[in-house]
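These numbers come from the heavy atoms of this one structure, side chains and all, not from hydrogens, waters or symmetry mates. One-based numbering, in listed order, for ligands and for the atoms of each. Position 1 is the first residue of the sequence, and the numbers go up from there.
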Amino acid sequence: MTYQYWNKEMETLERSALEAYQLTQLKAVVAQALRTSFYRERLSAVGIRSGEDIQNLEDLGRIPFTTKGDLRSGFPYGFLSIPKEEVVRLHASSGTTGTPTTIYFSKGDIRRWTSFVARSIYATGCTKTDVFQNMITYGLFTGGLGFHFGGEEVGMLVIPSGSGNTTRQFKLMQDFGTTVVHATPSFLLHVQAKMQEEGVRRDKLKLIRAFAGAEPYSEDTRTRIEELLTIDVYNSYGLSEMNGPGVAFECQAKNDLHLWEDGYLGEIVNPKTLEPVPDGETGELVLTCLCREATPILRYRTRDLSGFYTEPCPCGRTHRRLHRITGRTDDMLIINGVNLFPSQIEEVIMAMKEVGNNYLILVEKEGVLDRITVKTEVGPEVFMDDTRPLNTLKERIRKTLQASITINPRVELHQPGSLPVSEGKATRVLDQRPKR
Ligand code: AMP
Ligand code: ZN
């Protein structure tokens, strides 16, 4: 395979040169952060009073972590480090876990962010001949405008369709010959189910590839989307605290995500001890934004679980790859004392052909015990009127889940298309236990 690079020099920069570049950027971003009272206080407490107090990349370890709580405490302008009149845009986190946090951008920040998104898009093989339908929420969420600008930078024809309204999405795809789409994986599965329902013929569509991100999904879900839609799916990772999309992305080798290390400095730490974990092991991803002046954020605890690959990627890029993010430290459910990530359930059910494209995990209290119910849609070929095979299927799902998660869930089967679909990030867990 021949790989294409948006910025070959940067993407294939030899490690020592990449690290030297990171150090220069880190010094600059620390100097910028020192313009905010929050970081002035935090950093002076550890003896960092200027960018020059950072002498090597190991000095990063001296900088205290920044948490979502810190960012909230600074709402609305506490983390702004340039004059307000230099700010051209704001975005906010979608509030996956509580009140949103705000990020500000200067013109230069938008330009740099756009170039990382363009680099990501280009790494999947897209060119200016592509027609790109951005089927994701526009607005405060970074996924809409982030991909929009990146797509235009690559030179693609960008259709700002936004999320939802599948009938209109199909019409746009057919009218303009869409070749590339961006959506959450759950919306892509929904699109596929709707295509069948509405009788949209695949051979009338020119789709080649999809960028799927904004929420965790398993490798089985990727395979399912690829097979059902006959499309190449690339994993896209980002978060508003680090600009948005374009932080880490899969290249054409499709073997997990290159972290763009000239823009984002990554560490993996043990979420309990906050000590670094060895390469390859799973831990919490901590990121420092090296490419933004308006809102510097240092050593941000993303709560996302990942790990670094140690082997090089066949594409020749020197930027390390991150494992697919399987969940967040705060996603973890404790069911009668047993730790469980929703992704463990997804992995099991999405590998079963008879299971449909949508599911929901319900957690309740029954007396003193926690009760978990896995509601899944069935595939269109399963007849809902025929109870015997349905019961057999239900039992098979239950047993497979029990064997893998060591918890005995209830299983409910639902008609295709009957479970709620979100236009943004999917809600996979409804925890109805009383809060302690
Ligand atoms: P937001 O700041 O609202 O854009 O949300 C960012 C969060 O979405 C990240 O911290 C992750 O938890 C999640 N996320 C984004 N992209 C992915 C992805 N490709 N895989 C798993 N989780 C993701
Ligand atoms: Zn690669």
Side-chain angles (χ1 to χ4, degrees), residues 1-6 8 11-12 67-68 71 91-103 113 117 119-120 122-125 136-137 139-147 182-186 188 210-219 221-222 225 233-261 264 266 284-287 289 295 297 300-306 309 311-332 341-343 346 422 424-426 428:
M1 183 182 292
T2 48
Y3 296 97
Q4 59 181 33
Y5 310 94
W6 183 249
K8 186 161 188 194
E11 291 170 56
T12 58
T67 62
K68 188 110 182 165
L71 297 183
H91 276 288
S93 110
S94 53
T96 320
T97 52
T99 0
T101 46
T102 323
I103 303 299
W113 175 27
V117 183
R119 182 195 290 187
S120 307
Y122 203 70
T124 67
I136 206 129
T137 320
L140 288 175
F141 174 57
T142 53
L145 286 175
F147 265 95
H182 169 222
T184 57
S186 50
L188 286 174
F211 313 133
E215 61 188 22
Y217 59 114
S218 62
E219 193 59 48
T221 300
R222 185 228 296 262
I225 302 171
V233 175
Y234 293 87
N235 197 349
S236 151
Y237 171 77
L239 60 163
S240 52
E241 292 82 358
M242 296 291 126
N243 295 326
V247 173
F249 222 91
E250 282 185 317
C251 68
Q252 280 171 292
K254 266 210 284 185
N255 191 5
D256 283 349
L257 314 99
H258 288 282
L259 172 70
W260 300 128
E261 294 187 273
Y264 307 94
E284 179 177 347
L285 177 63
V286 170
L287 291 171
C289 192
T295 328
I297 297 185
Y300 180 65
R301 289 189 59 187
T302 65
R303 303 196 194 174
D304 291 324
L305 292 167
S306 186
Y309 280 93
E311 323 80 62
C313 184
C315 74
R317 289 181 177 82
T318 46
H319 300 237
R320 286 178 298 169
R321 279 170 303 144
L322 287 172
H323 299 164
R324 167 185 292 279
I325 284 100
T326 46
R328 299 168 52 84
T329 51
D330 46 9
D331 262 358
M332 195 180 74
F341 282 99
S343 58
E346 173 173 330
S422 155
K425 297 175 195 251
R428 294 302 194 190

* To do: Using modelled atom types only, decide if a donor and an acceptor are shared between the side chain of H319 and the backbone of E261 within a distance under 3.5 Å.
  => yes

* Asked: Would a 4.5 Å heavy-atom cut-off, applied to side chains only, mark L257 and R321 as touching?
  -> no

* Which one of E215, K425, R303 has a non-hydrogen atom at the shortest distance from atom 8 (O) of ligand 1? -> K425

* For atom 10 (O) of ligand 1, which of D304, L305, L239 has the closest heavy atom? -> D304

* Asked: Backbone N or O of F249 within a donor-acceptor pair of the S236 side chain at under 3.5 Å?
  -> no

* Side-chain heavy atoms of Y234 within contact of Q252, under 4.5 Å -> yes

* So, is N235 polar-close to ligand 1, with some N/O to N/O distance under 3.5 Å? -> yes

* Give, for atom OH of Y237 and atom OH of Y264, the distance between the pair rounded to the nearest 0.5 Å. => 11.0 Å

* Min side-chain heavy-atom separation L287-L259 under 4.5 Å -> yes

* Structure fact -> In this structure, the Zn ion (ligand 2) sits at the vertex of an angle between NE2 of H258 and SG of C315 that rounds to 10° as 100°

* Asked: Have Y300 and E241 got a donor and an acceptor in their side chains that come within less than 3.5 Å?
  -> yes

* **Contact atoms of ligand 1, heavy-atom distance to S240 under 4.0 Å** => 1 (P), 2 (O), 4 (O)

* Shortest reach to atom 22 (N) of ligand 1 by a heavy atom, considering only G213, P185, P216, G143 -> P216

* To do: Taking only heavy atoms of G238 into account, list the atoms of ligand 1 that are under 4.0 Å away from them.
  => 6 (C), 9 (C), 15 (C), 16 (N)

* With heavy atoms of S236 as the reference, note each atom of ligand 1 found under 4.0 Å away. => 16 (N), 17 (C), 18 (C), 19 (N)

* **Per-atom contacts, ligand 1 versus F141 - under 4.0 Å to a heavy atom** => 4 (O)

* Do any N or O atoms from the side chain of S343 and from the backbone of T326 form a donor-acceptor pair under 3.5 angstrom? -> yes

* To do: Have a look at the Zn ion (ligand 2) and estimate, to 10 degrees, the angle subtended by SG (C313) and SG (C251).
  => 110°

* Mark up the atoms of ligand 1 that fall under 4.0 Å of a heavy atom belonging to R328, in ascending order. => 10 (O), 12 (O)

* Could you pull out, from G244, G327, A214, the option with a heavy atom nearest to atom 16 (N) of ligand 1? => A214

